[in-house]
Amino acid sequence: MKLQQFNSLNDLKNLYNTLVCQIVDKRKVGKKLVGTFCLFVPEEIIFAAGSDRIILCGGKDDTIFIAEQYLPRNICPLVKSSFGSIVNNGCLGIKSCSHFGMVDMIVAENTCDSKKKMYELLRDYVPTYVIDLPQRPNSPEALKYFLGELYKLKDAMEQLTGNTVTVEQLKREIESSNETRKLLHRLYNLRKTDPPPISGVDILKVIQKQYFLSTEEFKKSLRMLIYEVKQVRANWTQKPRIMISGCPMSGGNTKVPEIIESKGGVIVAEESCTGTRSFWNPVDEGEDPMLALAECYIKIPCSCMSPNDRRIDNILELTKEFEVEGVVYYTLQFCHGYNIEKYRIQQALKKAGIPMLAIETDYSNSDAEQIGLRMDAFLEMLS
Ligand code: BJ8
(Lines give C-alpha, C1' and ligand atoms only; values in the text may rest on other atoms or scores of the structure.)
Protein backbone atom coordinates (compact mmCIF):
# COMPACT_ATOMS: atom_id res chain seq x y z
CA MET A 1 0.00 0.00 0.00
CA LYS A 2 1.38 3.41 -0.93
CA LEU A 3 1.98 6.08 1.66
CA GLN A 4 0.00 9.30 1.74
CA GLN A 5 1.64 12.31 0.06
CA PHE A 6 1.37 15.52 2.11
CA ASN A 7 0.96 18.88 0.37
CA SER A 8 2.62 20.70 3.24
CA LEU A 9 5.82 18.76 2.57
CA ASN A 10 5.92 20.19 -0.93
CA ASP A 11 5.31 23.64 0.52
CA LEU A 12 8.22 23.13 2.88
CA LYS A 13 10.46 22.23 -0.04
CA ASN A 14 9.40 25.37 -1.92
CA LEU A 15 9.92 27.50 1.16
CA TYR A 16 13.50 26.33 1.28
CA ASN A 17 13.95 27.21 -2.36
CA THR A 18 12.87 30.80 -1.73
CA LEU A 19 14.92 31.10 1.45
CA VAL A 20 18.18 32.06 -0.22
CA CYS A 21 16.50 35.00 -2.02
CA GLN A 22 14.92 36.14 1.26
CA ILE A 23 18.28 36.08 3.01
CA VAL A 24 19.84 38.16 0.24
CA ASP A 25 17.08 40.77 0.64
CA LYS A 26 17.30 40.86 4.42
CA ARG A 27 21.07 41.24 4.34
CA LYS A 28 20.66 44.27 2.08
CA VAL A 29 18.83 46.01 4.93
CA GLY A 30 21.45 45.05 7.50
CA LYS A 31 20.14 41.78 8.92
CA LYS A 32 23.00 39.50 9.94
CA LEU A 33 23.17 35.79 9.16
CA VAL A 34 24.77 33.43 11.64
CA GLY A 35 25.90 29.94 10.61
CA THR A 36 25.87 27.10 13.14
CA PHE A 37 26.81 23.42 13.21
CA CYS A 38 25.37 22.10 16.40
CA LEU A 39 22.39 21.91 18.75
CA PHE A 40 24.47 23.25 21.63
CA VAL A 41 24.26 26.78 20.19
CA PRO A 42 21.06 28.29 21.61
CA GLU A 43 19.09 29.72 18.71
CA GLU A 44 17.16 31.89 21.18
CA ILE A 45 20.22 34.11 21.79
CA ILE A 46 20.91 34.48 18.06
CA PHE A 47 17.30 35.41 17.32
CA ALA A 48 17.07 37.73 20.34
CA ALA A 49 19.94 39.73 18.85
CA GLY A 50 17.86 40.19 15.71
CA SER A 51 19.89 37.95 13.42
CA ASP A 52 18.92 34.93 11.34
CA ARG A 53 20.60 31.57 11.56
CA ILE A 54 21.28 28.82 9.12
CA ILE A 55 22.79 25.41 9.69
CA LEU A 56 26.04 24.72 7.87
CA CYS A 57 26.32 20.96 8.41
CA GLY A 58 26.89 19.18 5.12
CA GLY A 59 24.88 16.07 4.34
CA LYS A 60 26.03 15.36 0.78
CA ASP A 61 29.16 13.82 -0.61
CA ASP A 62 29.63 16.26 -3.50
CA THR A 63 32.03 18.51 -1.56
CA ILE A 64 34.00 15.81 0.24
CA PHE A 65 36.66 15.54 -2.47
CA ILE A 66 37.34 19.28 -2.01
CA ALA A 67 37.75 18.91 1.76
CA GLU A 68 40.09 15.97 1.30
CA GLN A 69 42.59 18.28 -0.39
CA TYR A 70 42.95 20.02 3.00
CA LEU A 71 41.86 17.53 5.67
CA PRO A 72 42.70 13.91 6.44
CA ARG A 73 40.44 11.42 4.69
CA ASN A 74 39.77 9.51 7.89
CA ILE A 75 37.52 12.03 9.62
CA CYS A 76 33.74 12.00 9.62
CA PRO A 77 31.86 12.83 6.40
CA LEU A 78 29.79 15.51 8.11
CA VAL A 79 32.90 17.56 8.85
CA LYS A 80 34.42 16.95 5.41
CA SER A 81 31.18 17.76 3.60
CA SER A 82 30.71 20.99 5.60
CA PHE A 83 34.31 22.12 5.24
CA GLY A 84 34.35 21.32 1.53
CA SER A 85 31.28 23.50 1.03
CA ILE A 86 32.78 26.47 2.82
CA VAL A 87 36.13 26.26 1.09
CA ASN A 88 34.48 25.81 -2.27
CA ASN A 89 31.90 28.50 -1.57
CA GLY A 90 29.52 27.85 -4.42
CA CYS A 91 32.12 27.39 -7.15
CA LEU A 92 32.28 24.42 -9.53
CA GLY A 93 28.49 24.66 -9.83
CA ILE A 94 27.99 22.56 -6.70
CA LYS A 95 24.57 23.56 -5.44
CA SER A 96 24.93 22.45 -1.84
CA CYS A 97 27.43 25.27 -1.25
CA SER A 98 25.29 28.14 -2.38
CA HIS A 99 24.37 29.78 0.94
CA PHE A 100 27.72 29.73 2.72
CA GLY A 101 28.95 32.93 1.15
CA MET A 102 26.17 34.88 2.88
CA VAL A 103 27.10 34.00 6.45
CA ASP A 104 28.39 36.96 8.52
CA MET A 105 29.62 34.89 11.42
CA ILE A 106 29.85 31.26 12.44
CA VAL A 107 28.89 30.39 15.99
CA ALA A 108 30.56 27.09 16.76
CA GLU A 109 31.12 24.98 19.88
CA ASN A 110 33.74 22.65 21.28
CA THR A 111 32.25 19.21 20.85
CA CYS A 112 34.09 16.44 19.00
CA ASP A 113 37.77 16.71 17.97
CA SER A 114 37.03 16.88 14.24
CA LYS A 115 34.67 19.80 14.61
CA LYS A 116 36.94 21.65 17.05
CA LYS A 117 39.87 21.42 14.66
CA MET A 118 37.73 22.35 11.65
CA TYR A 119 36.64 25.54 13.43
CA GLU A 120 40.28 26.57 13.79
CA LEU A 121 40.61 26.36 9.99
CA LEU A 122 37.30 28.08 9.30
CA ARG A 123 38.58 31.31 10.84
CA ASP A 124 40.49 31.88 7.59
CA TYR A 125 37.23 31.93 5.64
CA VAL A 126 34.48 33.30 7.92
CA PRO A 127 34.66 35.07 11.31
CA THR A 128 34.18 32.16 13.71
CA TYR A 129 33.10 32.41 17.34
CA VAL A 130 33.51 29.26 19.45
CA ILE A 131 31.53 28.51 22.63
CA ASP A 132 33.66 26.54 25.05
CA LEU A 133 31.25 23.77 25.97
CA PRO A 134 31.95 22.03 29.29
CA GLN A 135 31.49 18.29 28.88
CA ARG A 136 30.59 17.07 32.39
CA PRO A 137 26.87 17.80 32.17
CA ASN A 138 26.01 16.82 35.73
CA SER A 139 28.53 19.04 37.51
CA PRO A 140 27.34 22.37 39.00
CA GLU A 141 30.68 23.96 38.02
CA ALA A 142 30.04 22.99 34.40
CA LEU A 143 26.64 24.67 34.45
CA LYS A 144 28.15 27.84 35.90
CA TYR A 145 30.89 27.82 33.30
CA PHE A 146 28.44 27.21 30.44
CA LEU A 147 26.26 30.06 31.67
CA GLY A 148 29.31 32.33 31.51
CA GLU A 149 29.97 31.13 27.97
CA LEU A 150 26.40 31.94 26.96
CA TYR A 151 26.79 35.46 28.36
CA LYS A 152 29.92 35.84 26.24
CA LEU A 153 27.96 34.64 23.22
CA LYS A 154 25.27 37.22 23.98
CA ASP A 155 27.96 39.94 23.98
CA ALA A 156 29.39 38.66 20.70
CA MET A 157 25.94 38.71 19.11
CA GLU A 158 25.32 42.25 20.34
CA GLN A 159 28.60 43.31 18.81
CA LEU A 160 27.78 41.64 15.51
CA THR A 161 24.29 43.11 15.19
CA GLY A 162 24.57 46.37 17.12
CA ASN A 163 21.40 45.37 19.00
CA THR A 164 21.02 44.88 22.74
CA VAL A 165 19.73 41.48 23.78
CA THR A 166 17.09 42.24 26.40
CA VAL A 167 15.56 39.89 28.97
CA GLU A 168 12.14 40.46 27.35
CA GLN A 169 13.44 39.58 23.90
CA LEU A 170 15.10 36.43 25.23
CA LYS A 171 11.87 35.41 26.94
CA ARG A 172 9.94 35.95 23.71
CA GLU A 173 12.40 33.80 21.76
CA ILE A 174 12.31 31.07 24.41
CA GLU A 175 8.50 30.99 24.19
CA SER A 176 8.68 30.88 20.42
CA SER A 177 11.22 28.03 20.32
CA ASN A 178 9.24 26.14 22.96
CA GLU A 179 6.20 26.41 20.72
CA THR A 180 8.21 24.72 17.95
CA ARG A 181 9.24 22.02 20.42
CA LYS A 182 5.59 21.47 21.38
CA LEU A 183 4.54 21.20 17.74
CA LEU A 184 7.27 18.65 17.08
CA HIS A 185 6.04 16.65 20.07
CA ARG A 186 2.54 16.75 18.60
CA LEU A 187 3.85 15.54 15.25
CA TYR A 188 5.83 12.75 16.89
CA ASN A 189 2.82 11.73 18.98
CA LEU A 190 0.95 11.04 15.75
CA ARG A 191 3.59 8.42 14.93
CA LYS A 192 2.60 6.36 17.95
CA THR A 193 -0.32 4.78 16.12
CA ASP A 194 0.09 1.44 14.40
CA PRO A 195 0.78 1.91 11.54
CA PRO A 196 2.00 5.52 11.76
CA PRO A 197 0.40 7.84 9.21
CA ILE A 198 3.68 9.39 8.04
CA SER A 199 6.98 7.84 7.03
CA GLY A 200 10.27 8.35 8.82
CA VAL A 201 11.84 9.65 5.61
CA ASP A 202 9.23 12.41 5.45
CA ILE A 203 9.76 13.28 9.11
CA LEU A 204 13.51 13.47 8.62
CA LYS A 205 13.10 15.88 5.71
CA VAL A 206 10.91 18.09 7.92
CA ILE A 207 13.43 18.12 10.77
CA GLN A 208 16.26 18.89 8.38
CA LYS A 209 14.39 22.01 7.24
CA GLN A 210 14.04 23.16 10.84
CA TYR A 211 17.53 24.61 10.82
CA PHE A 212 17.12 26.54 7.60
CA LEU A 213 13.77 28.24 7.93
CA SER A 214 12.75 31.03 10.26
CA THR A 215 10.93 29.75 13.35
CA GLU A 216 7.67 31.37 12.21
CA GLU A 217 7.78 29.76 8.77
CA PHE A 218 8.72 26.43 10.25
CA LYS A 219 5.92 26.54 12.82
CA LYS A 220 3.37 27.44 10.15
CA SER A 221 4.47 24.47 8.04
CA LEU A 222 4.38 22.17 11.06
CA ARG A 223 0.81 23.20 11.90
CA MET A 224 -0.27 22.49 8.34
CA LEU A 225 1.49 19.15 8.32
CA ILE A 226 -0.02 18.12 11.67
CA TYR A 227 -3.46 19.02 10.36
CA GLU A 228 -2.92 16.94 7.22
CA VAL A 229 -1.42 13.97 9.05
CA LYS A 230 -4.36 13.90 11.47
CA GLN A 231 -6.78 13.47 8.54
CA VAL A 232 -4.99 10.38 7.31
CA ARG A 233 -6.15 6.91 8.11
CA ALA A 234 -2.95 4.97 7.47
CA ASN A 235 -3.53 1.86 5.42
CA TRP A 236 -0.01 0.79 4.69
CA THR A 237 1.24 -2.35 6.27
CA GLN A 238 4.88 -1.55 6.98
CA LYS A 239 6.34 -3.29 10.01
CA PRO A 240 8.37 -3.63 12.23
CA ARG A 241 8.57 -0.35 14.12
CA ILE A 242 12.13 0.95 14.02
CA MET A 243 13.91 3.69 15.92
CA ILE A 244 17.09 5.24 14.54
CA SER A 245 19.67 6.26 17.10
CA GLY A 246 23.03 7.95 16.67
CA CYS A 247 24.70 10.62 14.54
CA PRO A 248 22.68 13.41 12.93
CA MET A 249 21.54 13.13 9.31
CA SER A 250 22.13 16.57 7.84
CA GLY A 251 20.18 17.93 4.86
CA GLY A 252 20.68 15.73 1.80
CA ASN A 253 21.44 12.60 3.81
CA THR A 254 18.46 10.23 3.86
CA LYS A 255 20.24 7.05 2.77
CA VAL A 256 19.67 4.74 5.74
CA PRO A 257 16.03 5.75 6.46
CA GLU A 258 15.23 5.22 2.79
CA ILE A 259 16.76 1.76 2.90
CA ILE A 260 14.83 0.86 6.08
CA GLU A 261 11.49 1.92 4.66
CA SER A 262 12.12 0.52 1.19
CA LYS A 263 12.73 -2.85 2.83
CA GLY A 264 9.39 -2.81 4.63
CA GLY A 265 10.27 -1.38 8.07
CA VAL A 266 8.73 1.82 9.41
CA ILE A 267 10.67 4.43 11.35
CA VAL A 268 8.67 5.68 14.31
CA ALA A 269 11.30 7.78 16.13
CA GLU A 270 14.83 9.14 15.79
CA GLU A 271 17.11 9.57 18.80
CA SER A 272 19.32 12.03 17.01
CA CYS A 273 20.06 15.72 16.61
CA THR A 274 17.90 15.43 13.49
CA GLY A 275 15.21 13.95 15.69
CA THR A 276 14.20 14.03 19.33
CA ARG A 277 17.41 15.57 20.70
CA SER A 278 16.50 18.77 18.88
CA PHE A 279 13.22 19.34 20.71
CA TRP A 280 12.61 16.83 23.50
CA ASN A 281 13.13 19.14 26.50
CA PRO A 282 11.67 22.65 26.66
CA VAL A 283 13.47 25.65 28.14
CA ASP A 284 11.98 26.66 31.51
CA GLU A 285 9.93 29.82 30.88
CA GLY A 286 9.61 30.67 34.57
CA GLU A 287 13.32 31.11 35.24
CA ASP A 288 15.94 33.72 34.44
CA PRO A 289 16.21 33.24 30.65
CA MET A 290 20.00 32.89 30.41
CA LEU A 291 20.13 30.37 33.26
CA ALA A 292 17.18 28.47 31.82
CA LEU A 293 18.94 28.24 28.46
CA ALA A 294 22.15 26.99 30.06
CA GLU A 295 20.26 24.38 32.11
CA CYS A 296 18.36 23.09 29.10
CA TYR A 297 21.15 23.02 26.52
CA ILE A 298 23.80 21.43 28.74
CA LYS A 299 21.50 18.41 29.09
CA ILE A 300 21.53 17.58 25.37
CA PRO A 301 22.77 13.98 25.44
CA CYS A 302 25.42 14.25 22.72
CA SER A 303 28.18 11.65 22.78
CA CYS A 304 30.73 14.40 23.49
CA MET A 305 29.32 14.47 27.05
CA SER A 306 30.74 12.29 29.79
CA PRO A 307 29.20 10.50 31.54
CA ASN A 308 26.30 10.30 29.15
CA ASP A 309 23.85 8.02 30.95
CA ARG A 310 21.12 10.50 30.15
CA ARG A 311 21.28 9.30 26.54
CA ILE A 312 20.80 5.65 27.50
CA ASP A 313 17.83 6.55 29.73
CA ASN A 314 16.33 8.61 26.93
CA ILE A 315 16.73 5.81 24.38
CA LEU A 316 15.00 3.32 26.68
CA GLU A 317 12.22 5.81 27.37
CA LEU A 318 11.70 6.39 23.63
CA THR A 319 11.58 2.67 22.83
CA LYS A 320 8.72 2.30 25.31
CA GLU A 321 6.88 5.42 24.27
CA PHE A 322 6.96 4.63 20.54
CA GLU A 323 6.61 0.85 20.96
CA VAL A 324 9.87 0.29 19.12
CA GLU A 325 10.59 -3.28 18.00
CA GLY A 326 14.15 -2.76 16.80
CA VAL A 327 16.84 -0.04 16.87
CA VAL A 328 19.08 0.85 13.95
CA TYR A 329 22.19 2.37 15.49
CA TYR A 330 23.58 4.81 12.95
CA THR A 331 27.17 6.05 13.04
CA LEU A 332 29.06 8.08 10.53
CA GLN A 333 32.49 6.67 9.75
CA PHE A 334 35.19 7.93 12.11
CA CYS A 335 32.69 9.37 14.60
CA HIS A 336 34.37 7.85 17.61
CA GLY A 337 32.03 9.26 20.27
CA TYR A 338 28.85 7.69 18.89
CA ASN A 339 30.72 4.59 17.83
CA ILE A 340 32.11 3.94 21.30
CA GLU A 341 28.79 4.70 23.02
CA LYS A 342 27.26 1.99 20.85
CA TYR A 343 28.56 -0.70 23.20
CA ARG A 344 26.73 0.44 26.33
CA ILE A 345 23.59 1.23 24.37
CA GLN A 346 23.54 -2.22 22.84
CA GLN A 347 23.91 -3.73 26.33
CA ALA A 348 21.04 -1.62 27.68
CA LEU A 349 18.79 -2.49 24.74
CA LYS A 350 19.63 -6.17 25.06
CA LYS A 351 18.56 -6.07 28.69
CA ALA A 352 15.30 -4.44 27.60
CA GLY A 353 14.79 -7.16 24.96
CA ILE A 354 15.17 -4.86 21.97
CA PRO A 355 17.39 -6.02 19.09
CA MET A 356 19.81 -3.54 17.54
CA LEU A 357 21.50 -3.36 14.15
CA ALA A 358 24.64 -1.20 13.96
CA ILE A 359 25.32 0.58 10.67
CA GLU A 360 28.51 2.56 10.13
CA THR A 361 28.47 4.45 6.89
CA ASP A 362 29.36 7.61 4.97
CA TYR A 363 27.57 9.82 2.46
CA SER A 364 28.34 7.72 -0.63
CA ASN A 365 26.03 5.08 -2.05
CA SER A 366 28.77 2.51 -2.43
CA ASP A 367 27.57 0.50 0.59
CA ALA A 368 23.81 0.87 -0.03
CA GLU A 369 23.43 -2.66 -1.38
CA GLN A 370 25.32 -4.20 1.50
CA ILE A 371 23.30 -2.19 4.07
CA GLY A 372 20.15 -3.32 2.26
CA LEU A 373 21.09 -6.98 2.68
CA ARG A 374 21.81 -6.54 6.38
CA MET A 375 18.54 -4.63 6.78
CA ASP A 376 16.61 -7.44 5.08
CA ALA A 377 18.01 -9.91 7.57
CA PHE A 378 17.34 -7.61 10.55
CA LEU A 379 13.74 -6.87 9.57
CA GLU A 380 13.08 -10.52 8.89
CA MET A 381 14.44 -11.44 12.29
CA LEU A 382 12.08 -8.90 13.90
CA SER A 383 8.97 -9.99 12.09
S1 BJ8 B 1 24.97 17.94 19.75
S2 BJ8 B 1 25.69 15.15 17.70
S3 BJ8 B 1 25.04 18.38 16.36
S4 BJ8 B 1 28.10 17.67 18.13
S5 BJ8 B 1 29.18 12.95 13.39
S6 BJ8 B 1 30.87 16.01 13.61
S7 BJ8 B 1 29.99 14.22 16.59
S8 BJ8 B 1 32.54 13.06 14.41
S9 BJ8 B 1 27.51 16.16 14.68
FE10 BJ8 B 1 26.70 16.82 16.64
FE11 BJ8 B 1 26.21 18.86 18.20
FE12 BJ8 B 1 26.60 16.48 19.24
FE13 BJ8 B 1 24.39 16.97 17.90
FE14 BJ8 B 1 31.72 14.91 15.33
FE15 BJ8 B 1 30.46 12.60 15.13
FE16 BJ8 B 1 31.11 13.92 12.96
FE17 BJ8 B 1 29.24 14.84 14.59
Side-chain angles (χ1 to χ4, degrees), residues 35-43 46 53-61 63-64 67-68 71-86 106-122 128 130-137 142 146 149 153 204 207-208 210-212 244-253 255-256 270-281 293-294 296-308 310-312 314-315 329-342 345 358-363:
T36 60
F37 288 91
C38 179
L39 283 191
F40 281 112
V41 178
E43 62 180 19
I46 294 172
R53 81 94 169 76
I54 198 160
I55 195 90
L56 300 180
C57 291
K60 293 186 183 165
D61 69 351
T63 56
I64 285 184
E68 285 178 348
L71 305 176
R73 292 173 71 108
N74 56 349
I75 57 173
C76 99
L78 190 150
V79 167
K80 284 192 286 186
S81 170
S82 314
F83 187 75
S85 297
I86 290 177
I106 284 174
V107 176
E109 75 311 311
N110 281 339
T111 45
C112 68
D113 286 349
S114 303
K115 273 185 164 176
K116 271 195 293 210
K117 289 291 144 186
M118 171 178 71
Y119 298 145
E120 289 175 13
L121 304 183
L122 287 186
T128 302
V130 181
I131 300 171
D132 187 20
L133 177 76
Q135 303 190 351
R136 311 272 304 169
F146 187 45
E149 283 297 296
L153 169 66
L204 176 62
I207 298 268
Q208 287 172 341
Q210 172 179 195
Y211 308 114
F212 289 99
I244 292 178
S245 170
C247 292
M249 295 176 183
S250 308
N253 174 14
K255 178 169 76 177
V256 171
E270 303 78 12
E271 188 277 322
S272 160
C273 289
T274 41
T276 52
R277 283 202 292 270
S278 71
F279 67 88
W280 206 244
N281 294 318
L293 287 169
C296 180
Y297 279 80
I298 204 170
K299 288 186 191 139
I300 295 170
C302 169
S303 70
C304 68
M305 290 296 184
S306 177
N308 198 21
R310 193 172 274 125
R311 178 161 178 237
I312 299 177
N314 183 236
I315 287 172
Y329 194 90
Y330 171 85
T331 1
L332 288 170
Q333 273 173 5
F334 309 112
C335 174
H336 304 312
Y338 281 96
N339 227 335
I340 294 170
E341 280 195 354
K342 178 173 69 191
I345 286 163
I359 303 278
E360 187 180 349
T361 186
D362 59 13
Y363 289 169

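Values below: every heavy atom of this structure, side chains too, minus hydrogens, waters and symmetry copies. Note that ligands are numbered from 1 as they come in the structure, with each ligand's atoms numbered from 1 the same way. On a predicted model such as this, the values are computed, not experimentally measured, just so you know.
Contacts of C76 with ligand 1, taken as heavy-atom pairs under 4.0 Å, involve the side chain alone. At a heavy-atom distance under 4.0 Å, only side-chain atoms of V79, from C-beta outward, approach ligand 1. Contact annotation for P248 and ligand 1: only side-chain heavy atoms (C-beta onward) come within less than 4.0 Å of the ligand.
Nearest to atom 2 (S) of ligand 1 among the protein's heavy atoms is Y338 OH, 3.1 Å. At the shortest separation from atom 14 (Fe) of ligand 1 among protein heavy atoms lies C112 SG, 2.3 Å. Among protein heavy atoms, atom 11 (Fe) of ligand 1 sits closest to C38 SG, 2.2 Å. Closest to atom 12 (Fe) of ligand 1 among all protein heavy atoms lies C302 SG, 2.3 Å. Among protein heavy atoms, the minimum distance from atom 15 (Fe) of ligand 1 is reached at C335 SG, 2.3 Å.
Counting heavy atoms from C-beta outward, I106 and F37 have side chains that approach closer than 4.5 Å. Residues W280 and K299 fail the side-chain proximity criterion, which asks for heavy atoms closer than 4.5 Å. With a 4.5 Å cut-off on side-chain heavy atoms, S272 and I244 do not count as touching.
Checking T331 against K342 by side-chain atom types alone, no donor-acceptor pair falls below 3.5 Å.
Within the model, atoms OG of S245 and CZ of R277 stand 7.0 Å from one another, a figure rounded to the nearest 0.5 Å. Between the CG atom in D362 and the CD atom in Q333 there is a gap of 4.5 Å [rounded to 0.5 Å]. Expressed to the nearest 0.5 Å, how far OH of Y119 lies from OG of S114 amounts to 10.0 Å. Atom CG of L121 is separated from atom CZ of F83 by 5.0 Å, given to the nearest 0.5 angstrom.
Not a single N, O or S atom of C273, from either the backbone or the side chain, sits less than 2.8 Å from atom 11 (Fe) of ligand 1.
Under the 4.0 Å distance rule, the nearest protein heavy atom to atom 17 (Fe) of ligand 1 falls outside the cut-off.
Taking each of K115, R277, K80 in turn, the one with a heavy atom nearest to atom 10 (Fe) of ligand 1 proves to be K115.
The distance from ligand 1 to the heavy atoms of T111 drops below 4.0 Å at these ligand atoms: 4 (S). Counting the atoms of ligand 1 from 1 in the order shown, those under 4.0 Å from a heavy atom of F40 are 1 (S).
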* Asked: Run the side chain to side chain contact (heavy atoms under 4.5 Å, CB included) check on V107 and E43 step by step: do they pass?
  -> CA-CA 10 Å; V107 176; E43 62 180 19; over 6 Å; no

